[in-house]
**Q** 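Below is one structure. I have some questions about it.
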Amino acid sequence: MADPPSVARPSGVAYAPHRRGDRRRSLRRLAFRAQERAVVLGYRAAAAALGLIPTGISVPVARLAFRAAYALWPAKRRIVLANAGHVLGLPTDDPQVARLAHRMYATYARYIVELMRLPSRPADEPARLVVAEGERGAASFAALVERLQADGRGMIVASVHIGSIETLVAAFASRGWPIHGLADDSAYPELFELLNAQRRRWGVEIIAWRNLREIYRVLRKGGILALLVDWGYRPDGIPVRLFGDWTTLPAGPAVLAAKTGAPIVPVVNRRRDDGRFEAVHFEPIDVSDDSPAALAAATQALADTLEAMIRPAPEQWYTFKPVWPATAEEAAGLAARAAGQR
């Protein structure tokens with residue numbers, strides 16, 4: 001039977017070419033799904049194994065593996081060397097920079113082992129590992145939370161990849177503080193949910209970074225939003241001076257603070273020699289309005305506290321993305337932009 005006139009196929013033209021594109025997209029989705037399942041299953045298997053292996057064995061093995069990665073992955077090695085060089089104020093070929101980069105890899109290896117062991121640990125163990133004493137410890141932070149909640153204000157806790165973020169948020173939640181973490185759910189959604197289920201054991205709720213409605217709701221109801229600000233250099237961020245060199249930090253913390261009245265409170269959770277962690281907070285950063293000058297001033301104040309977080313133990317800072325621009329021309333452009341925002 002002939003095709004109806006409305007769907008007759010012209011001679012020499014393939015029928016429904018869009019279906020080939022649909023098939024390609026379907027195949028890509030299937031391939032991504034298979035890759036994600038492999039990652040999740042691998043993570044579960046490694047976590048189960050590490051839960052049984054003493055850290056006296058697993059941590060040294062992990063350090064060897066990560067040091068091998070340092071040698072075998074030159075692109076990533078160059079990034080870590082560049083970051084370490086900025087922190088030390090030395091060229092990347094200086095032996096001190098290489099030593100610091102090796103120590104950063106070793107720190108990260110221990111962090112990964114401890115992170116993957118958490119499902120096999122008691123739910124209260126992360127909080128018990130955190131010490132928060134002194135004038136910038138838990139008592140001072142609790143007083144700040146109470147004061148802000150009395151005013152109907154939330155809090156934006158800003159930190160960096162130092163020590164253990166998991167133990168920090170678990171310690172917050174263990175004290176009854178309404179803590180919510182901000183995270184990227186775009187890479188592997190199933191792994192994202194797996195890690196979130198682990199965090200819910202401690203009473204921590206995670207918000208996907210694109211869920212702006214929920215972010216604003218939490219802050220306007222007096223909640224605590226925890227986020228990391230050292231995800232790497234982005235040209236569209238706010239120019240700041242960090243360790244004396246121009247780079248950018250994300251505008252998000254300052255914009256949220258301006259729009260909700262929640263101050264930015266920098267917090268760091270550094271590892272101590274006894275294996276526990278020490279959490280300290282810095283002075284709150286209030287943002288008066290969302291003008292470019294106010295956002296730039298608040299973000300520079302945040303950058304200054306990041307230096308204070310990193311400088312005492314730079315080997316504990318494990319970031320594997322470029323934190324500073326690659327060229328002097330980019331840095332000069334940031335300086336010019338900063339001058340225009342004052």
Side-chain angles (χ1 to χ4, degrees), residues 136 140-161 165 168-169 172 177-186 204-242 246-268 280-309 323 333-342:
R136 293 192 295 174
S140 172
F141 191 85
L144 176 59
V145 172
E146 184 176 346
R147 185 168 69 250
L148 290 172
Q149 289 183 335
D151 293 338
R153 301 168 67 194
M155 177 192 298
I156 301 164
V157 169
S159 192
V160 292
H161 291 83
I165 303 302
L168 178 62
V169 295
F172 273 51
W177 295 328
I179 180 74
H180 297 74
L182 190 64
D184 183 0
D185 64 339
S186 60
V204 179
E205 290 296 327
I206 300 298
I207 304 173
W209 67 275
R210 289 171 293 188
N211 191 349
L212 291 176
R213 178 174 296 181
E214 182 64 10
I215 291 169
Y216 281 112
R217 188 193 69 80
V218 165
L219 292 174
R220 285 171 174 156
K221 287 187 172 293
I224 300 172
L225 181 72
L227 49 81
L228 298 169
V229 297
D230 60 340
W231 287 105
Y233 167 70
R234 293 180 62 92
D236 58 351
I238 295 180
V240 295
R241 299 272 291 189
L242 183 64
W246 284 103
T247 184
T248 63
L249 287 179
V255 171
L256 286 174
K259 291 184 177 297
T260 64
I264 303 168
V265 182
V267 178
V268 66
V280 299
H281 72 89
F282 296 79
E283 286 298 313
I285 302 168
D286 285 298
V287 187
S288 58
D289 57 66
D290 61 356
S291 65
L295 298 180
T299 307
Q300 182 58 62
L302 179 58
D304 294 341
T305 63
L306 299 193
E307 283 193 31
M309 292 180 186
V323 177
L334 295 177
R337 277 177 54 200
Q341 292 173 345
R342 295 192 186 112

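Reckoned from all heavy atoms, side chains included, excluding hydrogens, waters and symmetry mates.
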**Q** In terms of heavy-atom contacts, does CD of Glu283 have more than 12 from other residues, nucleotides or ligands at under 6.0 Å?
**A** no

**Q** Between Thr299 and Pro250, what is the shortest heavy-atom contact and its length?
**A** CG2-O, 4.4 Å

**Q** Any side-chain heavy-atom pair from Val323 and Asp230 closer than 4.5 angstrom?
**A** no

**Q** Kindly give the heavy-atom pair with the smallest separation between Arg241 and Gln300, and that separation in Å.
**A** N-OE1, 2.8 Å

**Q** Got a second to check how far Leu182's CG is from Asn211's CG, nearest 0.5 Å?
**A** 9.5 Å

**Q** Test side chain to side chain contact (heavy atoms under 4.5 Å, CB included) on Phe141 and Val157; report intermediate values, then the result.
**A** CA-CA 11 Å; Phe141 191 85; Val157 169; 4.1 Å; yes

**Q** Report yes if some heavy atom in the side chain of Leu228 is under 4.5 Å from a heavy atom in the side chain of Ser159; otherwise report no.
**A** yes

**Q** For Pro239 versus Arg337, what's the shortest heavy-atom pair and its separation?
**A** CD-NH2, 3.5 Å

**Q** Look up atom OG1 in Thr305 and atom NE2 in His281, then write down how far apart they are to the nearest 0.5 Å.
**A** 12.5 Å

**Q** Could you tell me which non-hydrogen atom of Gln149 sits nearest to which non-hydrogen atom of Gly222, and how far apart they are?
**A** NE2-O, 3.4 Å

**Q** Which pairs, with at least one residue in residues 214-227 and sequence neighbours excluded, count as a side chain to side chain donor-acceptor pair (under 3.5 Å)?
**A** Glu214-Arg217

**Q** Please name the pair of heavy atoms, one in Val229 and one in Pro253, separated by the smallest distance, quoted to 0.1 Å.
**A** CG1-CG, 3.9 Å

**Q** Taking the side chain as C-beta and beyond, is there a heavy-atom pair between Pro266 and Leu302 under 4.5 Å?
**A** yes

**Q** What closest approach, in Å, do Ala298 and Val287 show between heavy atoms, and which atom pair accounts for it?
**A** CB-CG2, 3.5 Å

**Q** Can you tell if the side chain of Leu144 reaches within under 4.5 Å of the side chain of Glu146, non-hydrogen atoms only?
**A** no

**Q** Can you check whether Leu249 reaches Leu306 side chain to side chain, under 4.5 Å on heavy atoms?
**A** yes

**Q** Restricting to ring-ring contact (aromatic ring centres under 6.0 Å, His included), what partner residues turn up for Phe282, sequence neighbours left out?
**A** none

**Q** Between Arg153 (side chain) and Gly261 (backbone), is there a donor-acceptor pair under 3.5 Å?
**A** yes

**Q** How many angstroms lie between CD1 in Ile179 and CG in Leu168, if you round to the nearest 0.5 Å?
**A** 7.5 Å

**Q** Starting from the C-alpha separation in whole Å, work towards a yes-or-no answer on side chain to side chain contact (heavy atoms under 4.5 Å, CB included) for Leu295 and Val255.
**A** CA-CA 7 Å; Leu295 298 180; Val255 171; 4.0 Å; yes

**Q** Using a 6.0 Å cut-off, check whether atom CZ of Arg234 has over 12 heavy atoms from anything other than its own residue.
**A** no

**Q** Quickly, which of Ile156, Val145, Val265, Val218 forms a side chain to side chain contact (heavy atoms under 4.5 Å, CB included) with Ile224? Name it, please.
**A** Val145

**Q** In the structure I gave you, are the side-chain heavy atoms of Tyr233 and Leu334 within less than 4.5 Å of one another anywhere?
**A** yes

